[in-house]
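Naming convention: chains lettered A, B, ... in sequence-line order (proteins, then strands); numbering from 1 in each chain.
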2 protein chains.
Amino acid sequence: GYPRLSSIYASYGFDVRHVPLDAGGIDIDALDASGADIVHIMPSHQFPTGRVTSVTRRYELLGWLAGGSERYLVEDDYDNEFRMAGRPIPSLASIDVLGRVIYIGTFSKSLGSALRLAYMVLPPVLAARYDAALGFYSSTVGVVDQICLARLLESGDYARHVNRYRTQRRQVRDALLAALAASPAAPRLSVEEADSGLHFVLAVRTGATEAQIARAGLRHGVRLAPMSRYATADDGAPWDDAAGYAGVGASAPLPGYADTMPRFVMQYDGLSPEAVPRCSAALAAAVLETAR
Amino acid sequence: GYPRLSSIYASYGFDVRHVPLDAGGIDIDALDASGADIVHIMPSHQFPTGRVTSVTRRYELLGWLAGGSERYLVEDDYDNEFRMAGRPIPSLASIDVLGRVIYIGTFSKSLGSALRLAYMVLPPVLAARYDAALGFYSSTVGVVDQICLARLLESGDYARHVNRYRTQRRQVRDALLAALAASPAAPRLSVEEADSGLHFVLAVRTGATEAQIARAGLRHGVRLAPMSRYATADDGAPWDDAAGYAGVGASAPLPGYADTMPRFVMQYDGLSPEAVPRCSAALAAAVLETAR
């Protein structure tokens with residue numbers, strides 16, 4: 001998961017548990033077993049696995065919500081603008097008739113995180129509770145920024161910007177995937193979950209560990225984000241970098257994965273088209289150099 | 001006090017008590033008796049009374065802090081730029097050797113509340129605790145705004161703006177005080193705490209209630225802020241508009257006041273020089289019309 005989320009919930013005194021995913025999304029049996037009342041998921045594009053929650057699993061999640069009167073689901077749709085391929089899937093909020101889905105989105109991926117612009121869509125009952133308990137808070141977003149954003153949305157310029165930017169990002173993704181496929185390391189690489197959002201996952205067939213490959217990457221000029229960094233042990237403790245690295249590619253698979261291949265979260269938000277060949281070459285060099 | 005503050009602390013689960021003021025600032029005996037560990041005060045210019053905490057009381061407050069190892073003081077210096085007359089008094093944070101004063105300030109009064117810019121200066125021990133427990137939070141202020149503010153401060157333009165704006169506000173205050181002194185209602189008016197900040201208090205000698213004067217003010221085109229609106233009963237409940245009004249100017253004085261005169265919080269942040277005569281005339285008309 002996204003470590004900052006756990007920190008935020010923990011700082012409010014919540015008892016935070018991590019629930020494994022399978023290919024369809026969050027594991028409903030494990031969710032049930034966790035005893036949680038509130039689930040925070042990223043169904044459009046889970047971070048870090050990139051998995052898209054299936055329609056079937058979405059209905060199962062709504063069924064889980066219906067199973068308890070104080071159950072809520074936070075639908076964190078942080079990069080919803082960047083579905084790159086495949087059919088769009090309805091958001092949980094749009095098919096929720098229980099009023100238990102809290103939809104949150106951000107402009108951090110589409111306009112830039114430096115702007116600190118995000119939003120929350122509460123179901124009516126919770127909106128009333130929010131107004132009563134916390135409505136006295138002023139928005140932390142300055143009025144000038146709010147007005148600029150409103151004009152951008154109303155004029156259609158935001159939609160045009162997103163369309164242009166999505167196309168541009170898709171081209172970078174395509175170029176990077178093509179470069180990796182043409183690289184000498186290609187037989188060792190497989191790409192996972194590249195249809196949505198601004199990152200995909202790269203799995204490497206090797207006897208080396210994530211840490212070894214990441215260190216080699218740094219020497220060649222590419223900073224890799226090992227999947228194990230985002231893994232969380234069953235007891236809620238974050239994966240230990242040293243211990244986590246030692247285990248990966250050797251013994252136990254990470255939660256949600258059947259194999260022990262090293263994996264990297266390949267974010268291409270900020271990658272320029274010009275940098276793609278260099279990035280691919282550095283990655284291939286790091287993989288081949290450490291391959292066992 | 002400032003009602004939103006109580007709401008914020010209460011929303012974090014704090015048990016909020018209100019402690020009366022006297023002319024020198026917060027009542028230390030009452031603070032002791034409240035059992036509080038954390039006190040939030042506005043020593044430069046208390047809202048709504050406008051009172052400035054005396055140097056003596058500041059040292060007594062530091063003495064109170066020293067009396068318990070987990071006592072903290074929040075020095076809310078929301079309009080520190082606007083000392084209009086008299087000698088500057090050192091902030092509590094500047095004379096705190098215990099490391100127990102949390103200094104907070106804002107650019108809302110000097111640049112505009114629409115920008116949502118504020119800051120907090122933590123003593124070193126608390127800064128370390130903050131970093132450990134909450135350091136993962138991103139600032140809610142956009143980076144562009146932060147850079148603009150930094151340039152404004154570094155260039156000296158902020159200081160020049162504040163000096164200009166303070167002079168301009170002082171002229172508006174002086175014009176308003178002169179207009180009130182020259183108005184037919186003058187014998188009934190007394191001005192309190194006009195040396196600092198962007199509001200003063202106007203007390204009215206009359207048999208009318210605050211509510212009656214405020215209603216008359218509205219008819220004449222001026223919206224008055226009755227002092228009783230900011231009063232808080234001993235049990236922590238906010239003053240009831242209807243009940244509060246009925247009592248004021250008739251029976252019990254508000255906390256911190258010896259008399260039962262109606263009082264109004266006269267904010268002149270947004271008052272233009274051109275509007276001063278109209279404002280003064282409307283106020284005088286409201287006072288004279290309701291005088292008993």
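- The number of heavy-atom neighbours closer than 6.0 Å to CZ of Arg4(A), taken from other residues, nucleotides and ligands shown, is above 12.
- Looking only at heavy-atom pairs under 4.5 Å with chain A, the residue among Gly13(B), Ser139(B), Pro3(B) that has the most is Ser139(B).
- Contacts with chain A (heavy atom to heavy atom, under 4.5 Å) involve these residues of residues 111-137 of chain B, listed by number: Ala114(B), Leu115(B), Arg116(B), Leu134(B), Phe136(B), Tyr137(B).
- No other option in Ser11(B), Ser138(B), Ala10(B) has as many heavy-atom pairs under 4.5 Å with chain A as Ser138(B).
- Heavy-atom pairs under 4.5 Å with chain B were tallied for Val141(A), Ile8(A), Asp145(A); the largest tally goes to Ile8(A).
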